[in-house]
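Letters A, B, ... mirror the listed sequences (proteins, then strands); counts begin at 1.
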Amino acid sequence: MAQATFEEISASDFFYRNRDIAGFTNPSRAIFAAIRELVENSLDAAESLKIPPDVYVRLSFEGEASKDTQIYTLRVEDNGSGIQPKHIPSAFGQVLFGSKYKLKQMRGTFGLGGKMAVLYGQIMTHKPAYITSSTGAAKIYSFKLMIDIQRNRPIILDRKVLINKEQWRGTIVEFSLEGDYLRAMPKIIEYFKQTALVNPYANLTFVDPKGRLYKFTRATTHMPEPPKETLPHPYGVDVELLQRLIQVTPYKTMPEFLKHHFHRVGDITAQKFLDFSGLSPSKNPKKLSHEEVVKLMQMLKRFKEFLPPDASCLSPLGEELLKAGIVKELKPEYVVVHQRKPATYAGHPFIIELGIAYGGEVPKKGSFVIYRFANKIPLLYDEASDVSFKVINAMNWRRYKASPDMPIAIVVHICSTKVPYKTVGKEFIADRPEVKREVANALREAGRQLQHFLSRREHVDKERKRLSIFSKYLPKIAQFSTTLAGKEKLPDIERLLKSVQKYGAEED
Amino acid sequence: MEQKKTKTRILERKNEVISGLKSFGTKLYDQLDQGVFPTINMPSRSTENINYDPVLRQFILGDKSVSRSARNIRHVKPFTQLAWAAMFSNELTTQRKTSTLRDVYYSAQAYEMTFTDQQESNNIITDLETVTGYSREDFNIFPEERSAVFGDLTIEYTVPGYEGRTMNLTSHPDGVLIGPALTSSEFAGTSADKVIAIEKGGLFTRFIEENVHRKHNALLVMTGGQAPRQTRQFIRRLHDELNLPVYILTDGDPWGMHIAMVIIAGSANAAHLRELNTPDAKWSGVWATDIVNYKLPTDPLDEVDIKRLYELQKDPRYKDDPLWQREIKTFLKIKRKAEQEAFSRYGLTYIVDEYLPTKLEETK
Ligand SMILES: Nc1ncnc2c1ncn2[C@@H]1O[C@H](COP(=O)(O)OP(=O)(O)OP(=O)(O)O)[C@@H](O)[C@H]1O
Ligand SMILES: [Mg+2]
């Protein structure tokens, strides 16, 4: 009898084999993904301390790899929180290790991004990664690492400790990777520009392999309120999460368990819920059978009386910063921004912020230019699959006097503890009806203000045109009739010209 | 040769025209001077306002009028163009210069008054006609259309450089071009007792060769297809000032028939003007019934011909006239048409010696 072989694959191995889903699809995409993952980690690290981020990125040429690809060194440096030395190897050498599993809005969520970049570099170049970090304390730690793919463990090749005389705080990540910068360039530059838009309080610097410097300077040092951590909302739980909570909970009764592990559950709500669900209050959560856990999850979703989650775990930009970002990067003639009140989908709170920019340096493209952001990350791929794209295109813009052949850019930002991405690649937002509705409402509100602006502008334009027509023709009528009537002196038409301005658009 | 001298009308009319233009200019000037936007009223030329007047026997404009105000953003440009056209016409008439419609179109550009196209500038000239009641020929503006006259008529020029000079219209065997110099001339004398208007140049030349003018004591006018307005006005003058009956010879088809009708009853396009038509003129042929009676070689009527006949059948100028109605019906019945040249089947002089005298007698 033949023996079937079973093979267990590690998380690193899994993601290595499926690197497509994390965005490392091809040499040009990979280089973009690596930069973006590291930049986002840096922004998170600075924001967690409410420090305006300074991120420096350098991509330098090392040598040719194949016909279309080269080896580059990528170095990303920040002024963020730094990493505790004991966590450094895992943070960069163990997939699914992260500090961001708690419930609050951050860029990183999967515990995957930075490692995928390092892993990709290691696989293509067989070279180690160098991580240097300090939390601002007395020492700076420097690691030379590789990832043991099969075991999903970091291999520490070297470790140095330096005295931190200057009280430097931050992290430097440097490693080699293979890619196609020339093809990736437009997307990378666009990524920086849009990141600068949605993080107007950040300084971003990029030096590319040709030595060109791209500098995006902050427009403000104001930063949004950082998010507060929250407990999961009952509507958003799944069996997996329940089981994990049951494992770690110190509480021995159901009401205590519910109260301490879930958002929006107090004594009375817990009591009401237990009545509703028919679960015994005295039951020890650790003793719940698998069937009971499934039932608990279903009942939590079905119970109507939980208040919706509050939004303090979110950190939207706010109208002022969004406007500053748009003005700084798009340089429009006019901008309107609107922030929706918090809403929820499946127990996850979210906020839609939206801006519409008109004219100035906004290009005329024959269609609206759409900028999509999620948790302050620009989304650059798969625009047509995104919910915002669909909502924007379904709108009746004529009602707002706007049309796709005008120079109009629309900025949509969704903030959530769980952004409803359709893929791990974080590229586009799924069309959940709740999200759809909020985007549509935000568009309508901003659209109304745009309409006021456009009508006013149209009015001013018309007035100007009107006046120019009358100032062109009235003097001619005066001249011709003077000649015709055989008079010497031209009639005075100043009064008529003045009065023209006052008519408004009465003959339309 | 017997000579009849007509009364001088040409110079009188020129003076009327000039003072008409001046008073139009004064009206605009005074309004501007009083600080109000100049406004003018003129009869509407829209189709609903064009009626056929059976007494005058021509189209006239009804009571509806339109108002143009320089205060209206959409009117101010055409208003200015109109004022310019009046000034330009005044210049032409006082300096006794002529201009074509094409010239008008280009001359405007010198005043930064560019017309979008020829049609726009033609429309403005028509507006000026409507406002003043004078025709563009009165303003010395002519279209570039060619028609000619031949016969014993002595004219006396009024154009600069030729004032007082006379010429007899038999002096050139190709005929004399009906242009501004001719139409602004006084009639100094004629021995003719009728006018024969002919649609086509070929037959006109044949008639001259065959001495039709002498044999029939006639002035011959070649209309060159649809008669230009100046030619229609000229025919009217021949009729009114010299008391000459007018006979018209055209092809035997709906288009020829209508050439005759426009000479007689005018066109809707000129409903704002008078004295461009000659109500007493007669269509002498070629009729549909002639095609039958003379057994002329024919071509079949095509679809547009037939469509045109049905249109004309309902036209007010044709409606109440038994002759025209009979001819339309005959055309529709025989479904054939014939050109004037078709008479050549009976020899080159047949039309002159046989057909013409019969028809002149018949339509007297
Ligand atoms: N520049 C940095 N400064 C401080 N901490 C960092 C930095 N980069 C990474 N980290 C730490 O390493 C962890 C792992 O980062 P990684 O990018 O792999 O995952 P993540 O950001 O949590 O999630 P995601 O997969 O969505 O990026 C982070 O959670 C963070 O704690
Ligand atoms: Mg990350």
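Within 6.0 Å of CD in E320(A) there are 12 or fewer heavy atoms belonging to other residues, nucleotides or ligands. Few gaps surround NZ on K193(A); more than 12 heavy atoms of other groups in view lie less than 6.0 Å from it. Within 6.0 Å of the CG atom in N396(A), the count of heavy atoms belonging to other residues, nucleotides or ligands exceeds 12. No more than 12 heavy atoms of other residues, nucleotides or ligands lie within 6.0 Å of CZ in R398(A), so this atom counts as exposed by the packing criterion. A 6.0 Å sphere centred on CZ of R183(A) holds no more than 12 heavy atoms belonging to other residues, nucleotides or ligands. Atom NZ of K476(A) has more than 12 neighbouring heavy atoms from other residues, nucleotides or ligands inside a 6.0 Å radius.
Between E112(B) and K472(A), the closest heavy-atom pair is O-CE, 4.0 Å. The two residues R495(A) and Q34(B) have their closest heavy-atom pair at NH2-O, 3.6 Å. The two residues S481(A) and L32(B) make their nearest non-hydrogen contact at OG-CD1, 3.9 Å.
From R74(B), atom CZ reaches atom CD1 of I469(A) across 11.0 Å, with rounding to the nearest 0.5 Å. Atom CG of L490(A) and atom CG of D33(B) lie 10.0 Å apart (nearest 0.5 Å). We find the CZ-CG distance between F37(B) and L496(A) to be 4.5 Å, quoted to the nearest 0.5 Å.
Legend: ring-ring contact (aromatic ring centres under 6.0 Å, His included) pairs involving residues 384-412 of chain A, not counting sequence neighbours, sorted by first then second residue: F368(A)-W397(A).
Applying a 4.5 Å heavy-atom cutoff, none of the residues of residues 92-109 of chain B approach chain A. The contact list for residues 75-91 of chain B toward chain A, using heavy atoms and a distance under 4.5 Å, reads V76(B), K77(B), F79(B), T80(B), A83(B), W84(B), A86(B), M87(B), N90(B) by residue number.
The contact between I477(A) and chain B is made by backbone and side chain atoms together, counting heavy-atom distances below 4.5 Å.
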Show the atom names and distances, to 0.1 Å, of all donor-acceptor pairs under 3.5 Å that link a side chain in residues 266-275 of chain B to residues at least two apart or in another chain.
residue, atom, partner, partner atom, Å
H272(B), NE2, E129(B), OE1, 2.7
R274(B), NH1, A271(B), O, 3.2

**Message:** Could you walk me through whether F470(A) and I73(B) satisfy the side chain to side chain contact (heavy atoms under 4.5 Å, CB included) test, starting with their C-alpha distance in whole Å, then the side-chain angles of each, then the deciding distance to 0.1 Å, before giving a yes or no?
**Reply:** CA-CA 7 Å; F470(A) 282 109; I73(B) 187 88; 3.6 Å; yes

